[in-house]
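Structure record follows, encoded as structure tokens.
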Amino acid sequence: MATNGYEGGLKTIEELTTNAEQIQDEVLREILSRYAGTEYLKGFLHGQTEKQLFKKNVPIVTYEDLKPYIDRIANGETSDILLGEPVTGFYLSSGTSRGQPKLMPVTAEFANKWELFRGLYESSVIKHFGDINQAGKRLELMFARPEIETATGLKAASVSTSIYNECNFRTILPKLYTSPIETIFCPDPNQGLYCQLLLGLIQRDEVITVGSIFASTVLRGIKFLENHWHELCYDIKTGRLSDWITHSGCRNAASLVMKPNPEQAGLIENICNCKSWEGIVRKLWPKARYIGCVCTGVMRQYIAELEFYCRGLPLVSTSYACSEAICGINLEPLCKPCDVSYTFLPNMAYFEFLPVENDHDESIEMKRNDEDTELVDLVNVKAGQCYELVVSTCAGLYRYKVGDVLMVSGFYNTAPQFQFVERKNVILSVDQEKTSETDLFKAVTEAKALLDPLGFILTEYTSYVDTSSAPGHYVLFWEIKGKEGKNCKELDPKIMVECCSRMEESLHYTYRIYRKRNIIAALEIRVVKQGSFEALMDYYVSKGTSLSQYKKPSCIKSEEALKILDSRVIGKYFSPKSPL
């Protein structure tokens, strides 16, 4: 984006956020005027388009409610079941949060919104980091996911894969990125990753940003580099690609860039051959200005480890969006990852918010009926309050619960800013207690603090509820790494037992009461060997998830995934007593 384009983008953001209420009314009016006659909405609105009738009659829904309508379109029925314009394809969700990927209709207008959105969040980045498009190249780890063809011949692909397939992206790719298109579409993610890192190292003096969509993928790249740097250096030295890279597209793309460079290989080898990899990213790519990846939500567990490897480089989460809707951008990309807020753009969808109550009061509340709760409009949310996001879009979603819980952190002009809190449905429960993603993160954060002074880092964790015996109990899988070559075998088992106790003490009131009453058994931490969570990632990728889109589940539901972790357990520890 040229300088005048970035200034235009900032001006657009100002206009949008200053007139948020008016724009939201216009967005809903446009949706209803075009789609009130669809089979779905006609049953609730009878062809009328009034906002109040929409809010009164149209129900709050989840994907399962709309899936029959979406499936009918995918199987050949006309799009006027849900929309008033043709469906051009479908977006596929990652499938790692709830199991199966979701199919989301795409229209030409919705695709255009994505293009506008990318321009707007890039404006904010350029404002703070300079015109990165003119300064050098981006080492971005990108992985396409195979497209699926529906019965009607329409393609279904992840949002990222759809972007990689765009003519505009393929045109700018050689100028702005170090990774050729062949490496992005390589069906073997390990071959693609090797080649992307190799070409990023060869062009290291041009790299001005490093990143991927999610923090977990950036870390996967760093750990892969840690295991393969000898081989990468040899390839750079000789100008020949390793024989195990068999994908012809990758080999051809690499051959256009590679030539023998012993001096470059020696420099990289000296950097990598050190006792500690602290700050390794900055050493390998000295001109890098920031690390770009989502570090909010479930990705926040990777912040400490990323900061270790990227010492001194800002971690920048630019935007908040999903397969269902485009939502907001980070106007302060230099803020700390824990302070990231996303300013919602009122032209991207019609946003409503379902107030979320605290589930951990000293008495167990009855489950709230969403139909009895009035949804709050975008401009009427309250600072400090948590809400579940509900969207209506130009792509056939009406009052759709995205499943994300957000907290209002403030306002920019009249548009609210939100911090991502958690996925609504990711919880552990043995009896009637409900432990959320955030509850788990807070407890793990408290417990892992015991490891830091001893020279150990918790690199990954996940959980599940073990009900194979009564009463059931929480199980945490932890992968731990020693700093500066420390071996995890040196870790005192008493410390791990203390970590179990610290976690239980940090969980919510209801959990602690149930533990005292023996309704829940002692919390267990199972330490797994190095590389276990990479194996877990490989499993999900083998099932069709793109490496770019992979989000490690906070709670394991898959029996196969559970077997992968259980087979790699090297130590089991239990809390010795009920929490106070």
Side-chain angles (χ1 to χ4, degrees), residues 1-2 5-6 8-9 88-94 104 106-126 129 131-149 154-187 189 192-193 195-197 199-200 203 206-214 217-218 221 247 249-250 252-254 256-257 290 292-294 316-323 326 329 348 395 545-550:
M1 180 182 287
Y6 119 77
T88 58
F90 298 90
Y91 284 150
L92 280 171
S93 69
S94 66
M104 294 295 166
V106 179
T107 64
E109 181 184 355
F110 193 54
N112 289 338
K113 283 184 182 287
W114 271 100
E115 189 171 344
L116 171 62
F117 180 63
R118 294 200 299 273
L120 293 178
Y121 74 64
E122 198 160 282
S123 296
S124 177
V125 171
I126 292 173
F129 294 100
D131 194 347
I132 55 175
N133 294 332
Q134 301 299 322
K137 290 188 174 185
R138 310 175 193 196
L139 169 50
E140 182 138 351
L141 302 178
M142 298 176 280
F143 305 90
R145 177 181 176 184
E147 293 179 322
I148 296 172
E149 191 168 301
L154 291 173
K155 300 291 178 62
S158 66
V159 175
S160 56
T161 299
S162 300
I163 292 170
Y164 304 151
N165 270 320
E166 290 175 359
C167 291
N168 287 347
F169 178 81
R170 288 173 177 251
T171 300
I172 64 171
L173 183 69
K175 179 188 175 186
L176 299 185
Y177 295 87
T178 59
S179 301
I181 197 71
E182 294 86 352
T183 65
I184 298 171
F185 279 84
C186 178
L193 178 55
C195 291
Q196 289 186 41
L197 288 170
L199 297 173
Q203 302 169 80
E206 297 179 64
V207 170
I208 43 111
T209 74
V210 177
S212 190
I213 296 176
F214 294 118
T217 312
V218 178
H247 184 257
C250 285
N252 292 338
L256 298 175
V257 179
Y290 66 89
C293 58
V294 173
V316 177
S317 299
T318 59
S319 56
Y320 167 48
C322 52
S323 306
I326 305 161
I329 58 178
M348 293 297 166
T545 297
S546 162
L547 192 55
S548 293
Q549 268 196 311
Y550 174 75

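All of these numbers come straight from a predicted model, not from anything done at the bench.
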Minimal non-hydrogen separation, Phe169 against Ile163, with atom names: CB-O, 3.3 Å
Where Phe110 and Ser323 come nearest, the two heavy atoms and their spacing: CE2-O, 4.1 Å
Tyr121 backbone acceptor or donor facing Thr318 side chain under 3.5 Å: no
Partner set under side-chain hydrogen bond (donor to acceptor under 3.5 Å, both in side chains) for Glu206, not counting sequence neighbours: none
With Ser124 via side-chain hydrogen bond (donor to acceptor under 3.5 Å, both in side chains) - residues at least two apart: none
Smallest separation among heavy atoms of Ser317 and Cys293, with atom names: OG-O, 3.2 Å
Approximate separation, where rounding is to 0.5 Å, of Glu140 CD and Leu176 CG: 11.0 Å
Pro180 vs Leu199 side-chain heavy atoms within contact, under 4.5 Å: yes
Any pair counted as side-chain hydrogen bond (donor to acceptor under 3.5 Å, both in side chains), so long as it reaches residues 171-184, sequence neighbours left out: Ser179-Gln196
Contacts of Glu166 that satisfy side-chain hydrogen bond (donor to acceptor under 3.5 Å, both in side chains) - sequence neighbours left out: Arg118
Flag side-chain contact, heavy atom, 4.5 Å: Leu173 against Arg138: no
Residues which pass ring pair (Phe, Tyr, Trp, His ring centres under 6.0 Å) with Phe214, listed by chain and number, not counting sequence neighbours: none
Counterpart residues, salt bridge (Lys or Arg N to Asp or Glu O under 4.0 Å), relative to Glu109 (two or more places apart): Arg34
side-chain contact (heavy atoms from CB on, under 4.5 Å) partners for Leu197, two or more places apart: Leu141, Leu193, Phe224, Leu225
Side chain proximity check, Asn252 to Leu256, heavy atoms < 4.5 angstrom: no
Audit row: Ile132, Tyr290, side-chain contact (heavy atoms from CB on, under 4.5 Å) steps and yes/no: CA-CA 11 Å; Ile132 55 175; Tyr290 66 89; 3.5 Å; yes
Under the side-chain hydrogen bond (donor to acceptor under 3.5 Å, both in side chains) test, residues paired with Tyr91 that sit two or more places apart: none
Met348 side chain near Leu116 side chain, heavy-atom distance below 4.5 Å: yes
Note, Tyr320 side chain near Val294 side chain (heavy atom, < 4.5 Å): no
Lys113 (side chain) donor-acceptor with Ala108 (main chain) under 3.5 angstrom: no
Donor-acceptor contact below 3.5 Å, side chain Ser123 vs main chain Gly119: yes
Shortest non-hydrogen contact from Phe117 toward Ala321: CE2-CB, 3.9 Å
Intermediate values then yes/no, side-chain contact (heavy atoms from CB on, under 4.5 Å), Thr88 and Lys155: CA-CA 8 Å; Thr88 58; Lys155 300 291 178 62; over 6 Å; no
Contacts of type side-chain contact (heavy atoms from CB on, under 4.5 Å), residue Ile148, not counting sequence neighbours: Leu92, Ala156
Which residues share a side-chain contact (heavy atoms from CB on, under 4.5 Å) with Ala144, sequence neighbours left out: Thr161, Tyr164, Ile184, Phe185
side-chain contact (heavy atoms from CB on, under 4.5 Å) evaluation trace for Ile213 with Ser160: CA-CA 9 Å; Ile213 296 176; Ser160 56; 3.7 Å; yes
Test item: His247 and Pro187 side chains (from C-beta on) under 4.5 Å apart, heavy atoms: yes
Where Gly192 and Cys186 come nearest, the two heavy atoms and their spacing: N-SG, 3.9 Å
Beyond-backbone contact of Thr217 with Phe143, side-chain heavy atoms, under 4.5 angstrom: yes
